[in-house]
> 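Provided herewith is a single structure, encoded as C-alpha cells, for subsequent inquiry.
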Protein chains: 2
Amino acid sequence: MDKEYEILDSFIRFRGLRHTPQREMILRVFLSVEGHLSVEELHALAKKHDRSIGYTTVYRTMKLLSESGLADKVEFGDGIPRYEHKYNHRHHDHFVCVKCGKCFEVAHAGIEKLQETLARERDFTPLWHTMQVFGLCKDCRGIEIKLQ
Amino acid sequence: MDKEYEILDSFIRFRGLRHTPQREMILRVFLSVEGHLSVEELHALAKKHDRSIGYTTVYRTMKLLSESGLADKVEFGDGIPRYEHKYNHRHHDHFVCVKCGKCFEVAHAGIEKLQETLARERDFTPLWHTMQVFGLCKDCRGIEIKLQ
DNA sequence: ATCATTATTGAAAAACGTTTTCAATATAAC
DNA sequence: GTTATATTGAAAACGTTTTTCAATAATGAT
C-alpha cells in the first residue's frame, strides 16, 4: 500500500526533485482508482481534493509517475491516452469493445513467447510491446445479433 | 494495378461522392510509395504533382482511402500517425526500433490464432488487432554494446 | 450543350490535447 | 532564518487535425 509512495520518493530524490503535497495527492488519486483514466478524468478527481490544482500539474505528475514505473500510458485508438497502474500489475494486453468502449485486460505468457520467437528470427531485441484487440464484447455482440 | 482505382471509384459512387482529380492524384501518390507515410509527407509528395493541393484535402482523402479499405492508419507511439497500403497486403504487426525508428513488418499466423483463443475464452468477438513490439534492431543493438 | 444541384476544394479559423513560459511560491539544504 | 532553486498554476504557444466558408467543379436532368 505504501510501497508506491516510497517508489515515488526514491525517484524524486534520485532525480534531485522535490516532494510536494500536489504530487502526493495526485498519486493518491491515481492509486485509488483501478482502470484506465485520462488526464482530464484524473484532473477532475484531483480537483475534489484540491480545487486549485492545475491541469498542467496533473500532466507533469503523470509523466513523473510513468517515468518512475508506477503508471503506464495506454492508447486505445480514440486519441485519448489513458493511465493505468503498473506497479505490482503484470503486463497485459487490451481487448477493447468497439461498441461500448469497455476494456478487458488479458495476460498470457504465449504472447510474450511469440514476441520473443518472432524477434529472434529477425535479429531484433524486444524491450516491450503493446497489443490491442478490437472487437465486440459479449453484451454488444448480443445487440448486434438482435438488430439483424 | 488498376484495381485500387476501381475500389475507390466504387466507394465514391456507393457513398454518393464525386470523383475528382485531387483524389485520384493523392491515391496515385500514396500507391507509388511502399512504407509508412505521415500526412505531412504525403502532402509534400502531392505538391510535386499539384502545387496548389491543400493540406486539408490530403487529410480528407486519406480518411476516405482508409474507409474504402485501401489504406491503414498506424501509430508507433511518436504521436505521428502514418498510412500504409492495405489492399493486397496481408495483416502484419510492427517491430519498431526505439533508437533509429526503423519499422519491420512481421506477419505470423500464430498471432491471429492466439488472438482467437484468448478472445474465445473471454466470450469476445475479435474484429482486428494491432501489435507493436518496441526494441532494438540489429544495428542499434550493436551500437548499444559498443558504448558500454 | 446548358442548367441546376450540391459535393469538393483550399485558406483561414477553430478545436483539441499537450507543452512551454513565466512570475509567484514552496521546498530543502545550509 | 536565509538562500538556492524546484514547483506551481495561468496563460500563451504549440502541433496536429477538424471545421467553416465562399468559390469552384462534378454530376444528373433537361
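Since we're looking at a predicted model, the values are computed, not measured.
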> Within the pair B:Arg18 and D:dA25, is there a side-chain N or O less than 4.0 Å away from OP1 or OP2?
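For D:dA25, neither OP1 nor OP2 has a side-chain N or O of B:Arg18 closer than 4.0 Å.
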> Less than 4.0 angstrom between a side-chain N/O of B:Arg23 and OP1 or OP2 of D:dA26, yes or no?
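It does not, given that no N or O in the side chain of B:Arg23 lies less than 4.0 Å from OP1 or OP2 of D:dA26.
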> Roughly, in whole Å, what's the span from NE2 in A:His49 to P in D:dT8?
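Interatomic distance, NE2 of A:His49 to P of D:dT8: 17 Å.
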> Would you mind telling me which of B:Arg90, B:His89, B:His91, B:His36 makes a side chain to side chain contact (heavy atoms under 4.5 Å, CB included) with B:Glu105?
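Of all the options given, the one that passes is B:His36.
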> Could you give the CG-to-P distance, from B:Leu64 to D:dT18, as a whole number of Å?
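Distance, rounded to whole Å: 13 Å.
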> Students often get this wrong, so: under 4.0 angstrom with heavy atoms, is B:Ile53 touching a base, only sugar-phosphate, or nothing?
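Contact class for B:Ile53: sugar-phosphate only.
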> In whole angstrom, what separates B:Lys63's NZ from C:dA7's P?
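Roughly 16 Å, once rounded to whole Å.
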> Check the orientation of B:Tyr55 and B:Tyr59. Use parallel for under 30°, tilted for 30 to 60°, and perpendicular for over 60°.
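Because their plane-to-plane angle lies in the 30° to 60° range, the rings of B:Tyr55 and B:Tyr59 count as tilted.
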> Nearest to the side chain of B:Asp50 - C:dG10, D:dT8, C:dT8?
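The answer is C:dG10.
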> What residue among A:Arg60, A:Arg15, A:Lys73 forms salt bridge (Lys or Arg N to Asp or Glu O under 4.0 Å) with A:Glu67?
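So, applying the salt bridge (Lys or Arg N to Asp or Glu O under 4.0 Å) to A:Glu67 and each of A:Arg60, A:Arg15, A:Lys73, only A:Arg15 qualifies.
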> The side chain of A:Tyr59 lies closest to which of these nucleotides: C:dG10, C:dT27, C:dG17?
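The nucleotide sitting nearest to the side chain is C:dG17.
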> Calculate the interatomic distance between B:Arg15 atom CZ and C:dA7 atom P; express it in whole Å.
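After rounding, the gap between these two atoms is 13 Å.
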> Roughly, in whole Å, what's the span from CG in B:Asp9 to C1' in D:dT27?
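Rounded to whole Å, this separation is 14 Å.
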> Among D:dT7, D:dT18, D:dT17, which nucleotide sits nearest the side chain of B:Pro81?
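Looking only at heavy atoms from C-beta outward on B:Pro81, the closest nucleotide is D:dT17.
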> Report the nucleotide, chosen from D:dA10, D:dT8, D:dT18, that has the shortest atom-to-atom distance to any side-chain atom of B:Thr56.
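Nearest to the side chain of B:Thr56 among the choices is D:dT18.
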> I need the CD-P distance between B:Glu75 and D:dT16, as an integer number of Å.
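So the two atoms are 13 Å apart, to the nearest Å.
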> Which comes earlier along DNA chain D counting from the 5' end, the contact point of A:Tyr55 or that of A:Ile12, where each point is its nearest nucleotide?
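Looking at the nearest nucleotide for each, A:Ile12 comes out on the 5' side.
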> Is A:Arg60 touching bases, backbone alone, or none of the nucleic acid, heavy atoms closer than 4.0 Å?
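Base, at least one base heavy atom under 4.0 Å.
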> Tell me which of B:Arg13 and B:Ile80 sits closer to the 5' end of DNA chain D, going by the nucleotide each one is nearest to.
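It is B:Ile80, whose closest nucleotide lies nearer the 5' terminus.
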> Check whether any side-chain heavy atom of B:Tyr87 lies under 4.5 Å from a side-chain heavy atom of B:Leu31, and answer yes or no.
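With C-beta onward as the side chain, the pair stays apart.
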> Under a 4.0 Å N-O cut-off, is there an ion pair linking A:Glu75 with A:Arg82?
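Salt bridge between A:Glu75 and A:Arg82, a charged N being under 4.0 Å from a carboxylate O: no.
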> Can you tell me how far C1' of C:dT27 sits from CG of A:Leu17, to the nearest Å?
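In whole Å, C:dT27 C1' lies 12 Å from A:Leu17 CG.
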> Looking for any heavy atom pair under 4.0 Å, which part of the strands does B:Gly79 touch: base, sugar-phosphate only, or nothing?
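Nothing: the residue B:Gly79, judged by heavy atoms under 4.0 Å, touches no strand.
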> Establish, with yes or no, whether the OP1 or OP2 oxygen of D:dT8 is under 4.0 angstrom from a side-chain nitrogen or oxygen of A:Thr20.
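Yes, such a contact exists.
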> Check the distance between C:dT18's P and A:Leu42's CG and give it to me in whole angstrom.
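In whole Å, C:dT18 P lies 11 Å from A:Leu42 CG.
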